[in-house]
Amino acid sequence: MILNVDSQTELSGFYVVYNRTTINETKGIYGISHLVEHLMSHNFDDGIIEEFQNNGLSWNAYTSPTNIVFYLNGLDKHVSKYRDRFLEKLSYIDIKQKDFETEKISLLEEYTGIFNMQSPSHLLNLYRKVLNSYNSIGKKEDIYQLTQEQCKNYYLQYYARPSKIINVSKNFQFKSDIEFNNFKNDYIVQYDINNNADIEEYKTLLNKSSVIYLSPIIKEQWATIFFINFLISNGLSSPLYKNVRKKSGLAYYIRCSLDRLSDYSGINIISTETDDYKVGDLMKRIDETLNDPYFLNEDRFEQVKNSILNKIDTVEINRYSNVETYIKPKCWAIEDQINNITLDDVKETYSKYYNSNNFYKSVDKVEFGKN
């Protein structure tokens with residue numbers, strides 16, 4: 001489908017979206033979706049990249065657990081000139097063997113960089129262990145062994161046609177008779193704990209531990225979960241920040257985020273890092289905060305709702321570069337649900353999903369023997 005969205009400014013964005021990534025991958029090809037994204041990007045040669053730069057345009061691509069997305073951003077008059085060529089560059093894979101090996105090396109550098117960071121490494125290893133998921137980054141051994149033919153066949157099967165095109169423009173609508181695929185992220189992810197999962201080792205000389213709480217799989221009320229996460233962890237005045245940083249100095253940051261694993265499955269993640277000797281006190285403080293929802297009151301609810309509405313207004317002004325709400329289903333989008341959420345909804349959802357006893361709790365050096 002083609003979705004034309006009015007831009008609030010003279011800035012424009014053109015997005016080509018492909019559904020289904022990690023769900024397509026099996027043993028031996030973990031990471032192939034991400035590699036195919038790199039191979040498609042290879043079609044943008046120096047000539048067209050130079051044209052983009054001369055016209056002040058930026059472009060890039062990313063692979064998430066659900067989608068591959070290519071995008072072109074810049075002044076409306078320039079983006080409109082290049083939309084058809086941009087789309088055409090995604091309609092094939094044509095790469096020499098030497099360049100193919102270079103793209104694999106580039107991907108493996110990205111892989112190494114991510115696994116050299118403590119908290120991301122911890123989370124990706126947890127996904128391997130508890131969800132049997134290698135996420136979009138894949139598995140190093142599989143990436144090494146992937147062949148050009150495998151990637152071309154995979155591309156033809158899944159990404160020769162896009163799932164959606166999003167055109168954000170003030171002056172130029174996009175029309176095309178292009179064919180779309182009908183792939184949907186319509187599956188449910190489940191816990192599948194494997195104590196013998198392949199773990200990517202990470203070693204640190206710092207006396208720091210990564211602490212991650214994973215919720216049960218969430219199959220509903222995703223926008224309300226976003227609201228609650230904002231309420232309990234956004235800013236220094238939020239309950240989690242107050243209790244773990246301002247009052248006790250147990251951590252510098254704490255994050256609460258909902259990861260969309262499919263259109264029907266999400267997992268809520270609470271993550272932070274602290275000195276090794278503070279881990280016990282930190283986890284106790286997190287548990288106490290979650291299990292004493294004194295902050296779920298009318299005043300706090302209205303304050304958070306107003307803050308989110310103001311942020312939505314800000315994002316709307318720059319919607320040319322903020323299109324996630326148009327990629328994910330409406331039931332996930334806080335922008336579409338904010339005015340339907342009530343304090344009673346928040347209390348009910350909180351009671352169901354935020355009891356600390358229901359989280360899978362992990363400390364990297366304990367879970368994976370890091371040192």
Side-chain angles (χ1 to χ4, degrees), residues 21-22 62-67 114-115 117-137 185 188-194 197 199-200 202 208-235 238-241 243-245 250-274 279 282-283 285-291 293 324 328 332-334 346 349-350 352-368 370:
T21 53
T22 57
Y62 65 85
T63 303
S64 76
T66 52
N67 300 99
I114 289 175
F115 277 102
M117 295 185 285
Q118 188 165 2
S119 185
S121 170
H122 182 195
L123 180 61
L124 288 171
N125 278 328
L126 271 178
Y127 273 29
R128 292 183 178 194
K129 178 177 178 179
V130 306
L131 298 176
N132 190 31
S133 170
Y134 286 82
N135 213 278
S136 54
I137 197 62
N185 294 307
I188 294 177
V189 176
Q190 302 282 7
Y191 267 72
D192 183 16
I193 297 177
N194 177 9
I199 300 304
E200 195 70 41
Y202 170 83
K208 287 281 186 182
S209 289
S210 169
V211 177
I212 292 178
Y213 284 32
L214 298 180
S215 75
I217 300 298
I218 297 173
K219 302 176 184 177
E220 59 184 356
Q221 301 298 323
W222 301 287
T224 307
I225 295 290
F226 176 93
F227 188 103
I228 294 171
N229 286 347
F230 194 95
L231 188 154
I232 66 175
S233 68
N234 184 68
S238 64
L240 281 172
Y241 260 99
N243 290 336
V244 305
R245 176 175 166 175
L250 290 170
Y252 176 71
Y253 76 88
I254 186 161
R255 299 188 183 106
C256 246
S257 60
L258 176 61
D259 193 2
R260 183 167 68 95
L261 304 175
S262 77
D263 287 353
Y264 301 115
S265 312
I267 192 164
N268 211 23
I269 305 164
I270 300 175
S271 61
T272 186
E273 296 175 40
T274 193
V279 167
L282 171 65
M283 296 178 72
R285 188 59 59 92
I286 293 172
D287 292 349
E288 290 172 349
T289 304
L290 293 176
N291 294 334
E324 181 61 27
K328 61 191 176 186
W332 282 80
I334 189 67
V346 168
T349 303
Y350 192 93
K352 185 174 182 178
Y353 288 111
Y354 288 82
N355 185 315
S356 71
N357 295 323
N358 295 333
F359 282 83
Y360 184 104
K361 303 174 185 178
S362 177
V363 180
D364 60 347
K365 292 179 179 178
V366 175
E367 185 99 29
F368 302 115
K370 299 183 184 297

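We find that Lys328 and Asp263 are not joined by a salt bridge, their nearest charged nitrogen and carboxylate oxygen being 4.0 Å or further apart.
When all heavy atoms of Asn268 and Ser257 are compared, the pair lying nearest together is OD1-O, 3.1 Å. In terms of heavy-atom proximity, Ile270 sits nearest to Cys256 at CG1-SG, 3.3 Å. A pairwise comparison of heavy atoms in Pro120 and Ile114 identifies CB-O, 4.0 Å as the closest pair. Across all non-hydrogen atoms, the minimal contact from Pro65 to Ser136 is N-CB, 4.4 Å. Taking both residues in full, the closest heavy atoms of Leu290 and Tyr350 are given as O-OH, 2.7 Å, listed atom of the first, atom of the second, then distance. Nearest approach of Tyr191 to Ser215, heavy atoms of both residues: OH-O, 2.8 Å.
Taken to the nearest 0.5 Å, the OH atom of Tyr213 stands 8.0 Å off from the CD1 atom of Ile254. The line from CD1 of Ile188 to OG of Ser265 is 5.5 Å long, rounded to the nearest 0.5 Å. Distance CG/Leu124 to CG/Leu126: 9.0 Å, rounded to 0.5 Å. Note that OH of Tyr252 and CZ of Arg245 are 5.0 Å apart. Values are rounded to the nearest 0.5 Å. Separation of atoms CG (Leu131) and OH (Tyr360) is listed at 10.0 Å; rounding is to 0.5 Å. Between Ile228 atom CD1 and Ile225 atom CD1 the span is 5.0 Å, to the nearest 0.5 Å.
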Item to check | Residue pair Phe368, Val363: steps toward the side chain to side chain contact (heavy atoms under 4.5 Å, CB included) verdict | outcome: CA-CA 8 Å; Phe368 302 115; Val363 180; over 6 Å; no
Problem - Worked check of side chain to side chain contact (heavy atoms under 4.5 Å, CB included) between Thr272 and Leu282 - result: CA-CA 9 Å; Thr272 186; Leu282 171 65; 3.5 Å; yes
### Query
After noting the C-alpha distance and the side-chain angles of Tyr241 and Ile232, does the key distance pass the side chain to side chain contact (heavy atoms under 4.5 Å, CB included) rule?
CA-CA 8 Å; Tyr241 260 99; Ile232 66 175; over 6 Å; no
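The shortest distance between side-chain heavy atoms of Ile218 and Tyr353 falls below 4.5 Å. Here the side chains of Trp222 and Ile334 are not in contact, with every heavy-atom distance at 4.5 Å or above. Side-chain contact check for Ser210 versus Ile212: some heavy-atom pair is nearer than 4.5 Å. With a 4.5 Å cut-off on side-chain heavy atoms, Thr66 and Arg260 count as touching.
Listed for the Ser238 side chain is no donor-acceptor partner under 3.5 Å among the backbone atoms of Leu231. Looking only at distances, a side-chain donor or acceptor of Thr21 sits under 3.5 Å from a matching main-chain atom of Ser64.
No hydrogens or angles considered: nothing links the side chains of Asn185 and Ser262 as a donor-acceptor pair under 3.5 Å. A donor atom on one side chain and an acceptor atom on the other are found under 3.5 Å apart for Tyr253 and Glu273. A donor and an acceptor atom, one from each side chain of Arg255 and Asn234, are nowhere located under 3.5 Å apart. The closest side-chain donor-acceptor pair between Asn125 and Glu200, if any, does not fall under 3.5 angstrom.
When each of Asp364, Leu214, Asn135, Asp259 is paired with Leu123, the side-chain contact (heavy atoms from CB on, under 4.5 Å) condition holds for Leu214 and for no other. Here the options are Lys361, His122, Lys129, the test is side-chain hydrogen bond (donor to acceptor under 3.5 Å, both in side chains), and the partner is Glu367; only Lys129 passes. Each of Thr289, Thr349, Asn229 was scored for a side-chain hydrogen bond (donor to acceptor under 3.5 Å, both in side chains) with Tyr354, with one residue passing: Asn229.
Residue Tyr264 qualifies as open at atom OH: its count of foreign heavy atoms under 6.0 Å is 12 or below.
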